[in-house]
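Below, chains carry the letters A, B, ... as their sequence lines are ordered, and counting in each starts from 1. All values derive from a computational prediction rather than experimental measurement.
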Amino acid sequence: MAAWVETLLILLTLTNLTLVAMSRLGACIRTVALQGIVLGLLTICVHPHTPSLYVLLLAGGSIGLKSVVFPLLLGRAMRDTHIRHEIEPFVGYGVSILVAALALPVSFWLGSRLPLPRPASTLIVPLAFHAILTGLFLIVSRRKAITQVLGYLVLENGIYTFGICLVQESTLLVELGVLLDIFVAVFVMGITIFHINQEFNHIDTDRLSALRD
Amino acid sequence: MQAVVSIIHWLVALALAPLLLGIIGRTKAFFAGRTGSPFLQPYHDLRKLLGKGAVYSHTTTWVFRAAPMVGLGAVFVASGMVPFGGSPAVIEFPADLILVVYLLGLLRFATVLGALDTGSSFEGMGASREVQFSALAEPVLLLALATLGRQTGSYSLSTIFVDIAEHLSIHAGPAMLMGAVALLVVFLVENARIPVDDPNTHLELTMIHEVMVLDYSGPDFAFVLYGAALKLWVLGALLVGLVIPVHVGIRLIDSLLFVLGMFALAFLVGVIESCMARLRLLRVPQMLIAAGAFAIFALVLVLRQT
């Protein structure tokens, strides 16, 4: 099981690395959907003994929300706003990959500074940190609102990984609550993106700071 | 006995290197629906070129004449340092992987100097691109080799590849896979293969490696071609040694397995060249940085294990 957990975590990190290198929004959304499936499988794999109802519910909720509902919502927002590409991000794609790759040693160092009681694998803490860092980086380095929502989801995925691998089952209820929260958040953001686009004909968030009454 | 086997392996490498080019050409011809030139065509080319005289431009100096010999010499030594089939290489000492990387660097340096010496603007442009891409490819190669070295606890290529199988566990799988991907990208970039450079292109403006050797003729060009074939073998041997790590224990079978692996790699290169278009020049550094990300990730994973 430990090998499976590690493989899934590495897969998660690889999807993060692809995400910072891609400009097509459709492909980005599908990659985040893939992350949802990986996280669902991870939830089951870290609790190997008997998958209880909570665990199955959490895994199912994660897969259902993150890989079906969110992609549909975001894909709809993308279609409505007629935006296909992230053109000219603040940080170029080459530099982005480099930043994400160099975040790896940093997050491993952070992970080594944070000893936790019996995690399922030593990779969990560093790679969860890496997902959090990548998510933050996506939020600050991209122009389009949709990509920033994706960054927010990646950030949440990192926190979720951190949570499921460390906490015991009793607190899984908290995780379910968090899932519900981000569902509402993404739902609201999808609607906001649509309205921003209707009002201003673009969703470039940097241009929103120059608004006047 | 071990020394004899190692020398035989070196001779096999020297003899079979041009055949890889033949296999790549034949595979591409097959995909294009042509018959293609025979497998031994690169040997015939070399023989024909060696029999001809060389023509030198008046503007060139001794640098231009020395470059092919220096380059071939460097890659010739490098080919003696890469082991295969479970036997150590002829030349081996601790940390020799750094020397192999920089012998390949010396080959590149000699080619670039020769290209600049002609004074042709096309060749200067090719040299600039070659240096730009290899500046990015070299750290990736070193990082990937460092990953292997860390995993096997030794920085000599011979030791790494002879007992690589003993050091591989299921936990090392993803790291080794990412190392192999990084090595494959370096292999394609350094040998001027298609996602980066088209070896058969006819327009000087789009060439990278081929444009640098436009002014060579006769034996000098034979040296350049043979040097390129040996470089293909050296970098390919690193990749195949990693992908086929298991050794049966019988020398003949291990060696045959490795040579078949090299042929399969040449076939794979032919398939990649037939299926892919050349990347835009701006995209190539991105691909190399991505390969670098793979190598860094692999190294970090391996460092964590110990």
Side-chain angles (χ1 to χ4, degrees), chain A residues 1-24 31 38 87-89 91-115 119-131 133-134 137, chain B residues 129 131-144 146-147 150-151 167-186 189 195-196 279-306:
Chain A
M1 268 314 188
W4 280 108
V5 171
E6 298 208 338
T7 312
L8 284 171
L9 282 168
I10 289 168
L11 202 59
L12 180 77
T13 309
L14 287 182
T15 52
N16 284 336
L17 289 177
T18 12
L19 210 54
V20 295
M22 273 191 310
S23 75
R24 285 211 315 257
T31 312
V38 171
I87 311 159
E88 287 191 352
V91 182
Y93 293 106
V95 181
S96 296
I97 310 173
L98 204 59
V99 168
L102 291 181
L104 274 169
V106 174
S107 41
F108 270 85
W109 176 75
L110 272 177
S112 71
R113 302 288 303 235
L114 192 71
S121 154
T122 48
L123 277 182
I124 285 172
V125 181
L127 292 188
F129 264 129
H130 183 253
L133 289 177
T134 317
F137 177 72
Chain B
R129 289 173 185 166
V131 172
Q132 186 201 354
F133 293 158
S134 47
L136 291 167
E138 201 173 276
V140 181
L141 180 59
L142 276 173
L143 281 172
T147 309
R150 179 73 192 193
Q151 180 71 32
H167 295 279
L168 292 182
S169 62
I170 186 152
H171 287 284
M176 292 298 115
L177 192 63
M178 284 187 284
V181 170
L183 276 181
L184 178 66
V185 172
V186 171
V189 171
V196 178
L279 291 174
R280 274 189 300 150
L281 279 178
L282 287 174
R283 287 270 168 196
V284 174
Q286 279 182 25
M287 185 176 83
L288 278 168
I289 293 175
F294 273 94
I296 291 175
F297 194 12
L299 185 60
V300 166
L301 283 178
V302 169
L303 281 176
R304 170 199 59 111
Q305 281 172 352
T306 44

| note | If one checks every heavy atom of M287(B) against chain A at 4.5 Å, the contacting part turns out to be neither
| Where do V38(A) and L8(A) come nearest, in terms of heavy atoms and distance? | CG1-O, 3.4 Å
| message | Show the nearest heavy-atom pair for residues A182(B) and A291(B), with the distance to one decimal. | response | CB-O, 3.6 Å
Between [options], the one whose heavy-atom pairs under 4.5 Å with chain B are most numerous:
options                 : value
V95(A), L14(A), T18(A)  : L14(A)
G94(A), A21(A), A101(A) : G94(A)
T7(A), T13(A), L11(A)   : T13(A)

| message | Would the distance check show the side chain of H130(A) and the main-chain N or O of A100(A) forming a donor-acceptor pair, the cut-off being under 3.5 Å? | response | yes
| Looking just at side-chain N and O atoms, do Q286(B) and R283(B) make a donor-acceptor pair shorter than 3.5 Å? | yes
